[in-house]
Amino acid sequence: MSARRVLVLNGPNLGRLGVREPEIYGHTTHQELAEACRASGSELGLEVEVRQTDSEAELVGWLHEAADAGTPVVLNAGAFTHYSYALRDALAQVAAPTVEVHLSNPAARESFRHTSVIASVVTGSISGFGIGSYALALRAIAGSDA
Ligand code: DQA
């Protein structure tokens with residue numbers, strides 16, 4: 001049986017991991033994060049593809065692709081989490097399992113981060129474990145039978 005495909009989608013500013021506020025987001029670069037996701041995926045029998053964009057339109061397009069192909073998604077929408085109804089509506093079309101992830105714990109930070117407009121349309125959410133949030137999300141997808 002071929003490995004189940006999973007898309008890991010990272011939104012704005014996440015391409016700057018490693019140099020961006022390392023006291024909050026850690027020292028791991030986006031490339032290292034992508035490698036860690038692929039390694040976790042292969043242990044779990046998942047074929048993981050990691051993408052990053054600063055563009056809301058591109059993220060919406062990738063979610064349409066996942067919706068049409070029935071591909072599970074791990075999404076760190078970055079700041080779009082807090083206000084993008086376009087992303088929320090695109091995510092609502094994905095029938096396969098979807099996991100909202102965050103490196104930090106937005107609930108413990110500034111009040112504008114306490115709202116997630118995508119939380120109500122994902123299968124589940126994992127926050128606050130640094131890059132470990134992604135490994136946990138992939139494990140959740142591997143354990144789902146949808
Ligand atoms: C983040 C949290 C968001 O509030 C922030 O805008 C980000 C990163 C996280 O991974 O902790 O860009 O999604």
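As the structure lists them, so they are numbered: ligands from 1, and atoms in each ligand from 1.
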* With atoms numbered from 1 as shown, which atoms in ligand 1 lie under 4.0 angstrom from a non-hydrogen atom of Y25? ->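 This gives 5 (C), 7 (C), 8 (C), 9 (C), 11 (O) as the contact atoms.
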* **Atoms in ligand 1 flagged as close to H82, the criterion being non-hydrogen separation under 4.0 Å** =>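 Reading through ligand 1 atom by atom, the close ones are 3 (C), 4 (O).
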Heavy atom of the protein closest to [atom] (residue, atom name, distance):
| atom | answer |
| --- | --- |
| atom 11 (O) of ligand 1 | S104 OG, 2.6 Å |
| atom 5 (C) of ligand 1 | R113 NH1, 3.2 Å |
| atom 9 (C) of ligand 1 | L103 N, 3.4 Å |
| atom 1 (C) of ligand 1 | H102 ND1, 3.6 Å |

* To do: Consider every N or O of A79 and every N or O of ligand 1, then say whether any pair is closer than 3.5 Å.
  =>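 Between A79 and ligand 1 (N or O atoms, distance only) the closest approach is under 3.5 Å.
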* Would you check whether R20 reaches within less than 4.0 Å of ligand 1, judged by its heavy atoms? =>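 Within the 4.0 Å threshold, so yes.
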* Work out whether the distance between some heavy atom of T81 and some atom of ligand 1 is less than 4.0 Å. =>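 Under 4.0 Å: no for T81.
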* Side chain, backbone, both or neither: N76 near ligand 1, heavy atoms under 4.0 Å ->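 For N76, the contact with ligand 1 is made by the side chain alone.
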* Can you check side-chain contact (heavy atoms from CB on, under 4.5 Å) on V50 and L33, steps first, answer last? -> CA-CA 9 Å; V50 183; L33 169 66; 5.7 Å; no
* Asked: What's the verdict on side-chain contact (heavy atoms from CB on, under 4.5 Å) for L59 and L87, showing C-alpha distance, side-chain angles and the deciding distance?
  -> CA-CA 7 Å; L59 270 179; L87 218 54; 3.6 Å; yes
* To do: Please state whether the rings of H102 and H82 are parallel, tilted or perpendicular, taking 30° and 60° as the class boundaries.
  =>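 Rings of H102 and H82: parallel, as their planes differ by under 30°.
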* Hey, mind stepping through R109 and N105 against side-chain contact (heavy atoms from CB on, under 4.5 Å) and telling me if it holds? -> CA-CA 7 Å; R109 299 181 60 197; N105 177 1; 5.9 Å; no
* To do: Considering non-hydrogen atoms only, spot the tightest contact between R5 and T71 and give its length.
  =>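 That would be O-CG2, 3.6 Å.
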* From V122, V99, L63, residue fulfilling side-chain contact (heavy atoms from CB on, under 4.5 Å) relative to V73 ->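 Among the candidates, only L63 passes.
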* To do: Give a yes or no answer on whether the side chain of S84 reaches the backbone of T81 with a donor-acceptor pair at less than 3.5 Å.
  =>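 No, S84 side chain to T81 backbone: no donor-acceptor pair under 3.5 Å.
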